[in-house]
Amino acid sequence: MQKDPGATQGKPSLWSAITLVTDYFAWPLRTSHYVELVNPLWASHSLQARVEKVWDETKDARTLTLRPGVNWRGHRAGQHARLGLPIAGMHYTRTYTISSAPERDDRCITITVKAVAGGRMSHHLVRNVKPGDYLPLGLPQGEFYLPDAQPVKPLFITAGSGITPAMSMLRGLIAQQRLPDTAHIHYAPHEFDVIFGVELRAMAAAHPRYQLRLQLTRELGAAHAAARHFSPAQLEVLCPDWREREVYACGPQSLLEAVELHWQQAGLSRRLHVERFRAAYAEAPADAVGGMVRFGKSKVEALADHRTPLLRVAEDAGMNPPHGCRMGICHTCNTRLLGGCVRDLRSGKLLNEVGAIVQTCVCAAAGDCELDL
Ligand code: FES
């Protein structure tokens, strides 16, 4: 059901009353489809955002300031939203954390994207998107946010672009003037790789309650990198009162696994909140093999290894399969298995029953297989 952007307290707005009449003449389309031609942000049947500004945070990370259309509803600090992007005739969707605070008063949001190796969309967003472009946008989602009640002494543990949800939360707490005693351990390879580096240091200087512990893992060369990564001993030094804190962690899989294990062994898992950028994968068996993947409806075949998600295999073969989160949450990518065998990369479980639902973003070939795509 479409939201009425102008509605207040359950009463339809003047605009919705007008469109009730004009929709009759616009049939089989709706008034919103014509309004969209004038300004895509005014459309009520879809949600788009206009790129207002681009800002390079580091050599491979860029912040985009987006002005969402009338259907946007505010986010909570730490939430993410889906962003669409047409590239070379294909439509891609990815999920990005909103890095701005909900308290921004210009109705804009920011996302901060790091170009990742082999990441089509991240490279496009970092290198090619420019002010004035319009991008399809989803509504804010996710449960990685601070509680309404004041969090007791939060500890943020972040690495790389995993800083984005923490940044939204920190900016929000500062804007609300209720920043509690906050510790923040952030990992980046070098000083020049620290996303929001200048702002983080300024926050630390301006707010004595915010303790920033920057760990530059490669500053002393690759040989010393391991000593700078997360470890229980390092945590004791950087944040001795970690047991008393509510922890919000976001970063690469290796960091999150180490953090989860440590809090679990300490019996404090309930205090740990984790945000992942991709699903956690199980270890693949040593004898795992890929195979020939046949996409039945499209009559496309592609050779795949045992680790590459079938969604990516389809896209690399020139297809444009439906997808959303790409991490096994939204089920937009679901299809049916028509034959053969696939492996769920999260659990390692094999699926070989004809008709079984396959989430292509988190399943890979386990031998030859055929999908209803
Ligand atoms: S794209 Fe969301 S579950 Fe696969």
Side-chain angles (χ1 to χ4, degrees), residues 46-47 75 78-98 111 113-114 116 118-125 135-145 161-162 164-165 250 252-253 256 274-282 284 290 293-298 300 302 304-338 340-353 355-366 369-373:
S46 65
L47 177 58
H75 69 287
Q79 285 192 306
H80 50 256
R82 277 195 232 167
L83 205 61
L85 196 62
I87 307 174
M90 303 269 285
H91 182 82
Y92 296 97
T93 305
R94 297 287 185 281
T95 299
Y96 292 100
T97 302
I98 300 164
I111 58 158
V113 182
K114 187 172 189 303
V116 294
R120 271 189 213 101
M121 188 148 162
S122 64
H123 274 269
H124 198 79
L125 285 170
L135 306 174
L137 180 68
L139 288 173
Q141 292 179 327
E143 288 166 14
F144 187 73
Y145 49 74
S161 58
T164 48
C250 184
Q253 193 56 23
L256 298 182
V274 168
E275 176 77 325
R276 289 190 155 76
F277 288 149
R278 81 162 172 82
Y281 289 172
V293 183
R294 182 174 155 73
F295 299 100
K297 280 188 190 142
S298 317
V300 171
D305 64 26
H306 67 282
R307 287 180 319 172
T308 306
L310 293 160
L311 174 60
R312 179 77 194 220
V313 173
E315 288 175 339
D316 287 346
M319 295 170 55
N320 207 353
H323 63 274
C325 65
R326 304 180 81 94
M327 54 192 298
I329 297 171
C330 70
H331 292 270
T332 312
C333 65
N334 281 8
T335 187
R336 286 186 188 281
L337 185 67
L338 298 181
C341 188
V342 302
R343 184 187 308 278
D344 188 317
L345 292 164
R346 298 164 299 176
S347 60
K349 208 174 124 195
L350 293 173
L351 298 174
N352 54 13
E353 208 175 297
I357 298 291
V358 176
Q359 284 178 274
T360 57
C361 69
V362 287
C363 288
C369 58
E370 182 168 357
L371 299 176
D372 190 21
L373 269 178

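Ligands are counted one by one from 1 in listed order, and the atoms in each one are counted from 1 as well. Positions are given from 1 along the sequence. Because the structure is predicted, anything quoted here is derived from the model rather than measured.
- Judged by distance alone, the side chain of Thr164 and the main-chain N or O of Ser161 form a donor-acceptor pair under 3.5 Å.
- The minimum heavy-atom distance linking Gly324 with Thr95 is given by the pair O-OG1, 4.3 Å.
- Within the protein, the number of N, O or S atoms lying under 2.8 Å from atom 2 (Fe) of ligand 1 is 2.
- Just one of Leu373, Thr93, Thr360, Val358 meets the side-chain contact (heavy atoms from CB on, under 4.5 Å) condition when paired with Cys333; it is Thr360.
- For the residue pair Ala282 and Ser347, the shortest heavy atom distance occurs at CB-C, 4.0 Å.
- Minimum heavy-atom separation, Leu310 to Ala365: CD2-N, 3.8 Å.
- Taking CZ from Arg326 and CE from Met121, the interatomic distance works out to 9.0 Å, rounded to the nearest 0.5 Å.
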